[in-house]
Amino acid sequence: MILITSIAPDSWRELETAVADILRECGMAIQQQANVQLPRGSVNVDVLAEETLEGISQRIVCECKNWRTNVPREKVHAFRTVMQETGAHRGYTISRTGFQVGAIEAAQATNVELLTFEQLQERYFRKWLTRRLWSIERAVGNFNVYYEPLGRPGYRLLRNDEERAAYDEVWERYCFAGIMLQHFSPYSRLAENMPLTQLPFDVRDRRGIRDGENAEESAPLRLRCCRI
């Protein structure tokens, strides 16, 4: 199972915040402890997530149970009533441990899903990863094109050896970053069954480190997963 965060919530509030942060990083508009109007009165929900994709809006309600025991049937029945009255498209009851058999039966054939915090991360990992990769792509702009196999853009336009030498110096200095960033390109992820790059990501062998270089300068550059 691939997890989005290493955080292990220790309280109900921490679980609620972690769930909200994951869905927010997936591009959804988030409200915690949202007051939702019902046909008769209102109800507070732990996390309300809303998004619009290609003009189609959807609303997700999350109920967080950071209990040390499995969630029972009656809690699912109560949440189903909330779902019906709020008009939400999908609801998640998120448990620290799991669910009793009766709770699982009560959620069958409904728009309520029962998930542990780890299962929620697995469910949204692909959506989260795609959005994070595009944020990296936007941040680096066209940097990657200088290190693609097709050649160095603009090199043929250089007029003399001095300009080419200056270009080469800059290219070689940052080559390691170009190689590294290719692993995090959303375009690379379009390839089927492309494995995820293991992190931390050590690029020491891609920096052209030579014997005698300053130890601090030659220390490995490491990237770590974006953590909430």
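Just so it is clear, the values below take in all heavy atoms, side chains as well, and ignore hydrogens, waters and symmetry mates. As the structure is a computational prediction, the values presented were derived from the model and not from experiment.
Atom CZ of R173 sits about 12.0 Å away from atom CG of D168, to the nearest 0.5 Å. Rounded to the nearest 0.5 Å, atoms CZ (R73) and CD1 (I104) are 10.5 Å apart. Rounding to the nearest 0.5 angstrom, the gap separating the CH2 atom in W128 from the CD atom in Q121 is 9.5 Å. Interatomic distance, CG of L120 versus OG1 of T93, reported as 11.5 Å (0.5 Å rounding). We find the OG-CZ distance between S11 and R96 to be 9.5 Å, quoted to the nearest 0.5 Å. Atoms CD and CG, on Q31 and N44 in that order, are 10.5 Å from each other to the nearest 0.5 Å.
Annotation: side chain of E51 is not in contact with side chain of L23 (no heavy-atom distance under 4.5 Å). Between T116 and I94, every side-chain heavy-atom pair lies at or beyond the 4.5 Å cut-off. In this structure, T110 and F79 have side chains that are not in contact, with every pair of non-hydrogen atoms separated by 4.5 Å or more. Put simply, the side chain of R59 reaches to within 4.5 Å of the side chain of L48, judged on heavy atoms. A 4.5 Å side-chain heavy-atom check between L114 and V71 finds every atom pair outside the cut-off. Using a 4.5 Å cut-off on side-chain heavy atoms (C-beta onward), Q33 and R13 make contact. For the pair I4 and R132, the minimum side-chain heavy-atom distance is 4.5 Å or more. Residues W12 and C64 are in side-chain contact: their nearest non-hydrogen atoms beyond the backbone lie under 4.5 Å apart.
Under the 4.5 Å side-chain heavy-atom criterion for ILVMFWY residues, a single connected hydrophobic cluster contains both L15 and Y92. Under a hydrophobic clustering in which Ile, Leu, Val, Met, Phe, Trp and Tyr are joined whenever their side-chain heavy atoms come within less than 4.5 Å, directly or via other members, I30 and I22 fall into the same cluster. Hydrophobic clustering (ILVMFWY, side-chain heavy atoms < 4.5 Å, transitive): V140 and V170 are in one cluster. Residue L115 is grouped with residue M28 when hydrophobic side chains (ILVMFWY) are merged at heavy-atom distances under 4.5 angstrom, including chains of intermediate members. Criterion: ILVMFWY side-chain heavy atoms under 4.5 Å apart, direct or through other members. Under it, V76 and I60 are not part of a common hydrophobic cluster.
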Chi angles and distances behind the side chain to side chain contact (heavy atoms under 4.5 Å, CB included) call for N111, H89: CA-CA 7 Å; N111 60 348; H89 300 86; over 6 Å; no

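The closest donor-acceptor contact from the side chain of T97 to the backbone of T69 lies under 3.5 Å.
Side-chain contact check for Q32 and D46: no donor-acceptor pair (N or O, by modelled atom type) lies under 3.5 Å.
Within a 6.0 Å sphere centred on OH of Y174, other residues, nucleotides and ligands contribute 12 heavy atoms or fewer. In this structure, K65 places its NZ atom where more than 12 heavy-atom neighbours from other residues, nucleotides or ligands lie under 6.0 Å away.
Of all the heavy atoms in Y167 and P153, the pair that sits closest is OH-O, 2.8 Å. In terms of heavy-atom proximity, E25 sits nearest to R131 at O-CD, 2.9 Å. Heavy-atom minimum distance, F117 versus A18: CZ-CB, 3.6 Å.
Taking the charged nitrogens against the carboxylate oxygens, R123 and E113 do have a contact shorter than 4.0 Å, which makes a salt bridge.
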